[in-house]
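In this chain, residues are counted from 1 in sequence order. Quick caveat, the model's predicted, so the values are computed rather than measured.
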Amino acid sequence: MSRIDDAMVAATMRGYDRNNLFAFVAAIIGSDEALRLMEMYRVGTSKHWQGATVFWQISADGNVRGGKIMLYDRLTGHRVQEPFPHINWVHSVLRLPDFKLTQCFFGEHLLPYIRDKPVASTLHTAFLNK
């Protein structure tokens, strides 16, 4: 299984003043709470596109398995789809040789710390709400 170095993640855990998703969330819940959540979930800032966000996939055992880069609109919080969907992977952008992506759930690294709380996938939650 390939993994991304922790230093790469650490390098993205700043620059929130230019992160569109952070700006949107901060406008709703305040900068302090937005920063707390970004740090807790290990959501970083990417330079791939101006204002881009990187969602690190970190397994329960702490291995960084990948990073999904996405661009959001600063005002609406919606993903930027035009003129193309702004989605990419860190390993593709960095052209890491022989990288084999083995995904895990986003936020999986938090599971060992929240054993007393329910966990549900979006799909599962959608079925429960019908």
Side-chain angles (χ1 to χ4, degrees):
M1 171 183 65
S2 298
R3 65 183 305 273
I4 294 176
D5 189 81
D6 293 334
M8 174 67 63
V9 176
T12 69
M13 301 303 297
R14 56 181 170 257
Y16 292 117
D17 57 320
R18 61 180 189 275
N19 185 313
N20 290 355
L21 181 63
F22 176 84
F24 175 75
V25 173
I28 296 169
I29 64 173
S31 294
D32 291 344
E33 183 65 4
L35 181 60
R36 185 186 75 77
L37 291 171
M38 297 288 259
E39 289 174 346
M40 181 171 78
Y41 279 91
R42 307 297 286 165
V43 177
T45 301
S46 171
K47 295 178 182 177
H48 186 57
W49 295 296
Q50 183 177 350
T53 301
V54 58
F55 295 93
W56 293 108
Q57 291 187 358
I58 305 171
S59 63
D61 60 4
N63 286 316
V64 182
R65 295 193 183 177
K68 193 171 191 178
I69 303 168
M70 302 174 78
L71 183 63
Y72 290 85
D73 182 280
R74 181 177 278 271
L75 299 177
T76 66
H78 295 166
R79 286 193 356 234
V80 174
Q81 300 284 347
E82 300 296 331
F84 60 91
H86 289 71
I87 300 172
N88 212 328
W89 289 93
V90 170
H91 67 274
S92 295
V93 170
L94 296 178
R95 294 188 172 111
L96 297 178
D98 304 318
F99 189 91
K100 177 128 174 100
L101 177 63
T102 306
Q103 292 190 65
C104 65
F105 290 111
F106 171 74
E108 183 177 312
H109 64 285
L110 299 173
L111 292 177
Y113 307 104
I114 58 168
R115 296 195 182 278
D116 61 332
K117 298 197 182 341
V119 176
S121 71
T122 305
L123 181 59
H124 181 73
T125 305
F127 284 112
L128 290 176
N129 292 330
K130 281 193 171 192

Listed pairs under 3.5 Å, donor-acceptor, residues 46-55 side chains, sequence neighbours left out:
residue: Ser46; atom: OG; partner: His48; partner atom: N; Å: 3.0
residue: Thr53; atom: OG1; partner: Asn19; partner atom: OD1; Å: 2.9

Show me, pair by pair, the donor-acceptor contacts under 3.5 angstrom made by side chains of residues 70-84, not counting sequence neighbours?
residue: Asp73; atom: OD1; partner: Leu75; partner atom: N; Å: 2.8
residue: Asp73; atom: OD1; partner: Thr76; partner atom: N; Å: 2.8
residue: Asp73; atom: OD1; partner: Thr76; partner atom: OG1; Å: 3.3
residue: Arg74; atom: NE; partner: Asn20; partner atom: OD1; Å: 3.3
residue: Arg74; atom: NH2; partner: Asp17; partner atom: O; Å: 3.3
residue: Thr76; atom: OG1; partner: His78; partner atom: N; Å: 3.1

Quick check for you: to the nearest 0.5 Å, what is the distance between Leu94 atom CG and Asn88 atom CG? 9.5 Å
Shortest non-hydrogen separation from Ile4 to Gly67 and the atoms involved: CD1-N, 4.2 Å
Other residues, nucleotides, ligands: >12 heavy atoms within 6.0 Å of Phe99 CZ: yes
Would a hydrophobic clustering, with Ile, Leu, Val, Met, Phe, Trp and Tyr connected at side-chain separations under 4.5 Å, put Phe105 with Ile87? no
If you round to the nearest 0.5 Å, how far is NE2 of His91 from CZ of Arg65? 14.0 Å
Where Leu110 and Tyr41 come nearest, the two heavy atoms and their spacing: CD1-CE2, 3.5 Å
Quick one: closest heavy-atom pair of Ala60 and Pro112, and the distance? O-CG, 3.8 Å
Applying a strict under-4.5 Å side-chain criterion to I, L, V, M, F, W and Y, I'd like to know whether Ile28 and Tyr16 cluster together. yes
Does Phe24 belong to the same Ile/Leu/Val/Met/Phe/Trp/Tyr cluster as Met40, with side-chain heavy atoms less than 4.5 Å apart forming each link? yes
So with a 6.0 Å cut-off around CG of Asp5, is the heavy-atom count from everything else above 12? yes
Hey, could you give me each pair passing side chain to side chain donor-acceptor pair (under 3.5 Å) that has a residue in residues 92-114? Not counting sequence neighbours. Gln57-Gln103
Arg42 to Trp56 - nearest heavy-atom pair and separation: O-CD1, 3.1 Å
Taking the side chain as everything from C-beta on, heavy atoms only, tell me whether Thr45 gets closer than 4.5 Å to Phe22. no
How many angstroms lie between atom CG of Asp6 and atom CG of Asn63, to the nearest 0.5 angstrom? 8.5 Å
Should the heavy atoms of other residues, nucleotides or ligands under 6.0 Å from CE of Met13 be counted, would the total exceed 12? yes
